[in-house]
Every structure is written in structure tokens, then in C-alpha cells.
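Every value quoted in this text rests on a predicted model; they were computed, and no experiment measured them. Reminder, nothing fancy here: chain letters follow the sequence lines and each chain counts from 1.
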There are 2 protein chains.
Amino acid sequence: MQKEHNLSKNQKIIFDLIDKSGGPMKAYSILFNVQKKGIKAPLQVYRALDKLVEIGKIHKIESRNAFIACQNSSCQISKATAFSICESCENVSEISNSKLSKYLSNFSDNSGMKYSKYNLEFFGLCKKCKSK
Amino acid sequence: MQKEHNLSKNQKIIFDLIDKSGGPMKAYSILFNVQKKGIKAPLQVYRALDKLVEIGKIHKIESRNAFIACQNSSCQISKATAFSICESCENVSEISNSKLSKYLSNFSDNSGMKYSKYNLEFFGLCKKCKSK
DNA sequence: AACGTTATGTAATAATATAACATTTATAAG
DNA sequence: CTTATAAATGTTATATTATTACATAACGTT
Ligand SMILES: [Zn+2]
Ligand SMILES: [Zn+2]
Ligand SMILES: [Zn+2]
Ligand SMILES: [Zn+2]
């Protein structure tokens, strides 16, 4: 059971846009798309993005400076994320693999660090791009 | 056995700086530090960084937009990187764990993607920061 | 020497993200 | 319902990160 988050007006507009896009979106592309809805400044976008990331509705793809809607209904925690990224078409999808997440969540080494979060990005060629 | 790369003048200046710093450095901080050596423009820095990343002498910490010297003599390939990042003091170190790298290099799922590269970033508190 | 490749120099600009400050709206006590 | 508090918004300016475009120089090979 996940905590309900009532999104604010801007948060909802921006989440809906990213979610409907079905893929990663960049902040200024989001900005461009929501200007007709009254969101005019970068900061308005970044604030909504920050909050959406915090509550796990979206994730940031760090290597791409882009944001994607969480595709894994159980991951509202956003403390353990894994993505697969096609280096040719830039298609991104969230990996939901319980063995992988278990392995990484339990990972520890002798550094004395306590890990509370991770982000993993796999790169390669997707099915489509491989066969070209 | 790794391929020898003869670094060019700018590449050497910039690699030596990052390497000696012992931690992650940001591009414009590098620029500031090498201006006395005649490297005056961002592009000169970014070109050297690109090359150094390509040949595996440094890695980019994507979540921090920073660059760190490879701490793992065997990883001149740069296709499989893992880091631990302290969210308090921002200390970063490269994780060298053969079980982990084996597990991730062999990872595959049913998406049809062929993974050729990955980057993993763990976050938490380092020993020092934990005990504060 | 001639050629192709890699690296450099320089200026301008694009793309990504935050600081600072004023105001408004939502939530929860009292 | 009023007051207090936290969360969200609006707006302007600015900081930070990264690339485009074009000209020149150095390097490695034949
Ligand atoms: Zn998710
Ligand atoms: Zn693809
Ligand atoms: Zn390395
Ligand atoms: Zn620390």
C-alpha cells in the first residue's frame, strides 16, 4: 500500500504530460509543452519535477538529464531505480526485476558505507535497433 | 594488459589535475585550475574530458556532473562502472567488486536488449558522516 | 613530402539548473 | 472562524553545464 499524494496543479499538469509521453522528457521540452497551460518559467517546472521525483512518481535519468514516469507501480519509494537505455534510439525503460533489486538493495562492501539508495543505468541496443 | 594511450598535452594536464585531487572534479573547476597552464576555454576542457572518459582514464559521475580518475587499474574499458557516493560530504569512490561486476555484466532480462555497458551509483552516508 | 587523423585555439551560444524575493493557497490547530 | 504553519506559486535574474562552428596546428603513416 502506497501513500496517496495529492498532486498540486502544476505537479499534476507536468506529471500528466510526462506520463502520457511514454518516455523520457527534458525539462525545457516540458516547459515548452506546458506554456499554454500557464507555466511560464523554468523554476516552476523544476519545482514540480523535484517534488515528483521525491515522491517517486517520476525518476531522473541522470545520464540524459531527462525525466520519466515511474513504470513500476510498486516503486513509489524511488530509492532503488534501474533503467535500460538504447544508445541508438534513446528509448528508455524502467527495469523491474526483483532478483536484481534484491541483490543491489542488499549489496554491501567493506567500505563502512551504509547504502540507502542506488541508481543503475544499463546501455545497449534495443531489439529494433539491433536488427538495423 | 591494457592499451597504452599517449595523452596529448591538454589531456595530460587535465588528467594529472583530476588524479591528484583524489576526488571528483567539475568541468569549470578544472577550467579554473588549468588557466595558468594556458587552457582558457570550456571546450578545451570538455574535449580532453571526453577523450579521457573514452579511454577509461576517468569516469563521469552522472548524478554530480563531475569527473573522477579511475581508481581501478583494471578498468580501462569504462564499460562497467560503480560508485559509492556520500550524500553528506560528497565523497565518491569507485567500487571494485568482482562479484558485483560479474553479476551486472551478465545481467539480462526478457526485453530483448543486449547490454554492453552499465553505470551504477550507490548513495548513502560514509563512515565519517554516519558517526556525526 | 603528401595525406589523413587527431588535437588545439577562439568566439559565440545553447541547454540545464538555481537564487532571491514576493505572494498565494492548502492544512491543521485552537 | 481565525490564526499559525507549511506547501506551492509567480516572476526576474543569474549561475552552471555543455555544444556548435570554424580556423589552425601537430602527429603518424606511407
Ligand atoms: Zn519506478
Ligand atoms: Zn533503439
Ligand atoms: Zn574505473
Ligand atoms: Zn561523508
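Rounded to whole angstrom, the span from the CG atom of B:L31 across to the P atom of C:dT8 amounts to 15 Å. Between the CZ atom of B:F32 and the C1' atom of D:dA15 there is a distance of 16 Å, rounded to whole Å. The CE-C1' distance, from B:M25 to D:dT16, rounds to 15 Å in whole Å. For the pair B:I39 CD1 and C:dG9 P, the interatomic distance rounds to 7 Å; values are reported in whole Å. Look at NZ on A:K40: it is 16 Å from C1' on D:dA8, rounded to the nearest Å. If you measure from atom CZ of B:R64 to atom C1' of C:dT16, you get 16 Å, rounded to the nearest angstrom. As a whole-Å value, the separation of A:E54 CD from D:dA8 P is 8 Å. When rounded to the nearest whole Å, the span between CD1 of B:I30 and P of D:dT16 equals 15 Å.
Phosphate proximity of C:dA7 to B:Q11: present, with a side-chain N or O under 4.0 Å from OP1 or OP2. A sub-4.0 Å separation between OP1 or OP2 of D:dA8 and a side-chain N or O of A:K51 is present. Note on A:N65: every side-chain N or O is 4.0 Å or more away from OP1 and OP2 of C:dA15. Contact annotation: B:Q44 reaches the phosphate of C:dG9 (side-chain N/O to OP1 or OP2, under 4.0 Å). Taking only side-chain nitrogens and oxygens, A:S8 comes nearer than 4.0 Å to OP1 or OP2 of D:dT9. The side chain of B:K9 places no N or O atom within less than 4.0 Å of a non-bridging phosphate oxygen (OP1 or OP2) of C:dT6. Between B:N10 and C:dG9 there is a side-chain N or O to OP1 or OP2 distance below 4.0 Å. Between B:K12 and C:dT8, a side-chain N or O to OP1/OP2 separation shorter than 4.0 Å is absent.
The side chain of A:L43 approaches C:dA20 more closely than any other nucleotide in the set C:dA20, D:dT16, D:dA18. If you check D:dA18, C:dA15, C:dA17 against the side chain of A:Y46, the one that comes closest is C:dA17.
Here A:F107 and B:F122 bring their ring centres to under 6.0 angstrom of each other. In this structure, B:F123 has its ring center no closer than 6.0 Å to that of A:Y115.
For B:E121 and B:N119, the side-chain atoms include at least one donor-acceptor pair closer than 3.5 Å. Under the 3.5 Å distance criterion, with hydrogens and angles disregarded, a donor-acceptor pair is assigned to the side chains of B:D109 and B:S111.
Residue side chain B:Y28 fails the stacking definition with respect to D:dT16, as its ring centre and the base's six-membered ring centre are not both under 5.5 angstrom apart and under 30 degrees in plane angle.
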Walk me through whether A:K117 and B:E87 qualify under salt bridge (Lys or Arg N to Asp or Glu O under 4.0 Å).
CA-CA 10 Å; A:K117 199 168 124 188; B:E87 288 185 298; 3.5 Å; yes

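Nearest-nucleotide positions on DNA chain D for B:A27 and A:R47 put A:R47 closer to the 5' end.
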